[in-house]
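Taking it in order: structure first as structure tokens, then the write-up.
Counting convention: from 1, in listed order, for ligands and their atoms alike. Source: prediction; values computed, not measured.
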Amino acid sequence: MAPVCVRRILISESVDPCCKKILQENGIEVTEKQNLTKDELVAEIKDYEGLVVRSATKITAEIINAADNLKIIGRAGTGVDNVDVDAATKKGIIVMNTPGGNTVSAAELTCAMIISLSRHVPQAVMSMKAGKWERKKFMGSELYGKVLGIIGLGRIGKEVATRMQSFGMKTIGYDPITPPEVSATWGVEQMSLEQLWPQCDYITVHTPLMPSTTGLLNDATFAECKKGVKVVNCARGGIIDEDALLRALESGQCGGAGLDVFVEEPPKNRALVDHFNVISCPHLGASTREAQARCGQEIALQIVDMLKGRELVGAVNAQVLAHSFSPESHLWIRLGEALGAVLRSCTTSKQPYDQVDITTLGSSLKSSCELLSSAALVGLLKDGSRNGPNLINALTAQLMVLSVNGIKYTATGSIQGDVPVLLDLNGSEFRQPVPLTGNLLFFKAAVTPQLLPTVTGVLATAGAEVQSFSTSATRGGDQWSCIGLSTALSDLAALKSLVKEVAAVSI
Ligand SMILES: NC(=O)c1ccc[n+]([C@@H]2O[C@H](COP(=O)([O-])OP(=O)(O)OC[C@H]3O[C@@H](n4cnc5c(N)ncnc54)[C@H](O)[C@@H]3O)[C@@H](O)[C@H]2O)c1
Ligand SMILES: O=C(O)[C@H](O)COP(=O)(O)O
């Protein structure tokens with residue numbers, strides 16, 4: 001079961017042609033439009049269910065809110081900091097990336113920066129092109145025996161470590177998640193940042209940009225480093241504070257910097273780029289034929305696999321969907337949505353809800369609780385609008401479930417064969433499980449011999465044919481009944497005077 005349907009995709013950046021080809025081969029219409037302004041993208045995005053980007057397209061909440069049909073944002077690359085993932089999640093849009101596709105390329109560029117810094121290769125090249133022969137000026141130092149501090153020991157940090165070890169560098173590092181015993185297996189000794197700073201001849205950062213990593217290298221931490229330390233940032237602009245870096249370069253506390261990324265790209269403030277001891281690239285970490293082919297292919301295949309209902313790979317939100325791809329889950333999703341819909345119809349006049357509790361019984365459903373909760377909320381909150389709740393945003397929709405309603409409504413269901421069934425409504429157990437399919441009429445009333453003939457008379461007048469009938473055990477003198485109907489009932493006024501509660505739902 002595919003959670004979404006995508007027919008048209010916009011590729012808004014230079015993504016490898018294989019991406020378009022794979023999508024088209026799978027029946028998706030693809031349009032490529034690069035360098036759109038924000039306003040052009042806001043106008044354009046309305047026509048697409050899918051968007052594929054790299055890092056230059058800034059997908060802000062404004063763009064997401066204008067994207068009425070958007071179901072998926074595919075990032076052909078690693079960082080999703082150019083996408084407002086929270087806004088996408090709230091709108092029920094899947095965001096996925098291809099984090100491993102450009103690891104080697106980014107690691108190789110980092111190594112190239114470290115080597116270039118040690119021997120001033122770019123500066124020497126410029127000097128040669130200017131017709132000079134400056135052998136003294138570009139005296140370098142060996143990497144052999146030097147200490148490289150690696151902050152962020154994930155995919156790229158690890159690849160940088162193993163490559164630089166082949167130059168005889170000692171690799172030390174820090175990562176709050178990667179266990180020290182794991183990084184030790186690839187030759188990186190972990191320690192606290194306080195211990196790390198004073199030991200390093202070179203420092204390279206490989207973390208995402210987040211509040212905890214913004215300005216990791218700043219005036220205070222530069223001051224703790226060895227004089228002349230060289231730093232590399234091929235991760236995200238801002239992990240090394242740019243103003244602090246300039247001050248450290250000017251004072252000689254920092255002996256050189258290799259920068260592939262900037263807070264603002266391209267950087268309007270040229271002070272760092274123009275500094276003699278800075279070597280820089282225009283965000284080229286992933287710009288190799290191999291990385292682009294991998295990322296383009298991976299994002300296209302991930303989208304196709306998701307649309308064909310095979311599996312969900314690479315989603316950075318919508319994790320609940322990952323559990324929704326097995327055939328067994330489909331039935332439980334249908335049950336959750338159906339139970340939610342039954343309760344919604346029974347409580348129409350009493351919304352909004354103050355609390356929604358979803359309980360699963362049995363160990364086999366333990367891991368599906370989040371999925372079932374999302375499904376039940378989808379049923380409960382569905383309002384018929386195009387961007388209503390879905391499995392991606394339903395849990396965030398609890399924000400909509402606000403004010404007070406003291407009274408409790410419960411529905412209990414299960415799967416029989418391949419049909420979701422209702423077992424109990426508000427504590428009244430049905431004698432026969434009620435199949436949750438088609439047009440259903442629920443009503444609660446005191447049990448009298450006249451009730452059923454009177455109700456069926458009203459239904460006949462409305463042109464609705466009775467197809468099934470179930471009743472619950474009597475509770476407090478009342479009974480819940482459910483009638484399956486040939487057509488949906490739009491007007492319940494005539495029934496309201498006959499019973500205590502009445503609700504109609506089409507599933
Ligand atoms: N320049 C480029 O073109 C380019 C290419 C690819 C990736 N990147 C960027 O490189 C960075 C690393 O990518 P990756 O694929 O290795 O990511 P990753 O998720 O594999 O690794 C990131 C590591 O950082 C660690 N981390 C998180 N907070 C930390 C903190 N406060 N201190 C130290 N470590 C911390 C995480 O535990 C994780 O192990 C990302 O910012 C990514 O966007 C840049
Ligand atoms: O996070 C990434 O994947 C890199 O920064 C590469 O970005 P790019 O795809 O825009 O080159």
Tell me whether [X] has any N or O atom under 3.5 angstrom from an N or O of ligand 1.
X: Thr213; value: no
X: Asn102; value: no
X: Thr78; value: no

If you count every heavy atom of other residues, nucleotides or ligands that lies below 6.0 Å from [X] atom [atom1], does the total exceed 12?
X: Met139; atom1: CE; result: no
X: Lys21; atom1: NZ; result: no
X: Glu250; atom1: CD; result: yes
X: Phe276; atom1: CZ; result: yes

To the nearest 0.1 Å, how far is [atom] from its closest protein heavy atom, and which atom is that?
atom: atom 7 (C) of ligand 1; answer: Ile156 CD1, 3.4 Å
atom: atom 28 (N) of ligand 1; answer: Met210 CE, 3.1 Å
atom: atom 40 (C) of ligand 1; answer: Thr207 O, 3.6 Å
atom: atom 12 (C) of ligand 1; answer: His206 O, 3.5 Å
atom: atom 25 (C) of ligand 1; answer: Asp175 OD2, 3.1 Å
atom: atom 20 (O) of ligand 1; answer: Arg155 N, 2.9 Å
atom: atom 5 (C) of ligand 1; answer: Ala106 CB, 3.6 Å
atom: atom 29 (C) of ligand 1; answer: Pro176 CD, 3.6 Å

Contact partition for Leu153 relative to ligand 1, non-hydrogen atoms under 4.0 Å:
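Just the backbone.
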Where's the contact between Ala235 and ligand 1, heavy-atom distance under 4.0 Å: side chain, backbone, both or neither?
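Answer for Ala235: both.
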Pair [X] + [Y]: basic N to acidic O under 4.0 Å:
X: Glu298; Y: Arg294; result: no
X: Lys226; Y: Asp201; result: yes
X: Glu44; Y: Lys33; result: yes

For ligand 2, which of its N or O atoms have a protein N or O partner closer than 3.5 Å, and how long is each gap?
from: ligand 2; atom 1: 1 (O); to: Arg75; atom 2: NH2; distance (Å): 3.0
from: ligand 2; atom 1: 1 (O); to: Gly79; atom 2: N; distance (Å): 2.7
from: ligand 2; atom 1: 1 (O); to: Arg236; atom 2: NH2; distance (Å): 2.7
from: ligand 2; atom 1: 3 (O); to: Arg75; atom 2: NH2; distance (Å): 3.2
from: ligand 2; atom 1: 3 (O); to: Thr78; atom 2: N; distance (Å): 2.6
from: ligand 2; atom 1: 3 (O); to: Thr78; atom 2: OG1; distance (Å): 3.4
from: ligand 2; atom 1: 3 (O); to: Asn102; atom 2: ND2; distance (Å): 2.8
from: ligand 2; atom 1: 5 (O); to: Arg236; atom 2: NH1; distance (Å): 2.8
from: ligand 2; atom 1: 5 (O); to: Arg236; atom 2: NH2; distance (Å): 3.1
from: ligand 2; atom 1: 5 (O); to: His283; atom 2: NE2; distance (Å): 2.6
from: ligand 2; atom 1: 7 (O); to: Arg75; atom 2: NH2; distance (Å): 3.1
from: ligand 2; atom 1: 9 (O); to: Arg54; atom 2: NE; distance (Å): 2.9
from: ligand 2; atom 1: 9 (O); to: Arg75; atom 2: NH1; distance (Å): 3.0
from: ligand 2; atom 1: 10 (O); to: Ser55; atom 2: N; distance (Å): 3.0
from: ligand 2; atom 1: 10 (O); to: Ser55; atom 2: OG; distance (Å): 2.4
from: ligand 2; atom 1: 11 (O); to: Arg54; atom 2: NH2; distance (Å): 2.8

Could you tell me whether the side chains of Asn102 and Thr78 share a donor-acceptor contact shorter than 3.5 Å?
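Yes, a side-chain donor-acceptor pair sits under 3.5 Å.
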Does the side chain of Thr89 pick up a donor-acceptor pair with the side chain of Asp86 at under 3.5 Å?
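There is no such pair between these side chains.
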Looking at side-chain heavy atoms only, is the closest gap between Ser118 and Tyr202 below 4.5 Å?
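Ser118 vs Tyr202: side chains touch.
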Is there side-chain contact between Trp332 and Ser414, with at least one heavy-atom pair below 4.5 Å?
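Touching, per the 4.5 Å side-chain cut-off.
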Enumerate the atoms of ligand 1 whose separation from the nearest heavy atom of [X] is less than 4.0 angstrom.
X: Ala286; result: 3 (O)
X: Gly154; result: 20 (O), 21 (O), 23 (C), 39 (O)
X: Cys234; result: 1 (N), 2 (C), 4 (C), 44 (C)
X: Ile151; result: 33 (C)
X: Thr178; result: 39 (O)
X: Tyr174; result: 32 (N), 33 (C), 34 (N)
X: Pro208; result: 22 (C), 24 (O), 41 (O)
X: His283; result: 1 (N), 2 (C), 3 (O)

In Å, rounded to the nearest 0.5 Å, how long is the span from [atom1] of [X] to [atom2] of [Y]?
X: Leu23; Y: Ile28; atom1: CG; atom2: CD1; answer: 5.0 Å
X: Met306; Y: Met96; atom1: CE; atom2: CE; answer: 5.0 Å
X: Leu196; Y: Glu189; atom1: CG; atom2: CD; answer: 9.5 Å
X: Asn97; Y: Arg54; atom1: CG; atom2: CZ; answer: 14.0 Å

Please report the shortest heavy-atom distance between Ile333 and Ala375, naming the atom on each side.
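Nearest pair, atom of Ile333 first, then Ala375: O-CB, 3.6 Å.
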contact_flag Lys158 ligand 1 heavy-atom lt 4.0 Å:
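Distance cut 4.0 Å: Lys158 fails for ligand 1.
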Arg163: which residues meet the side-chain contact (heavy atoms from CB on, under 4.5 Å) condition with it, sequence neighbours left out?
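Residues passing side-chain contact (heavy atoms from CB on, under 4.5 Å) with Arg163: Val104, Glu108, Cys111, Glu159.
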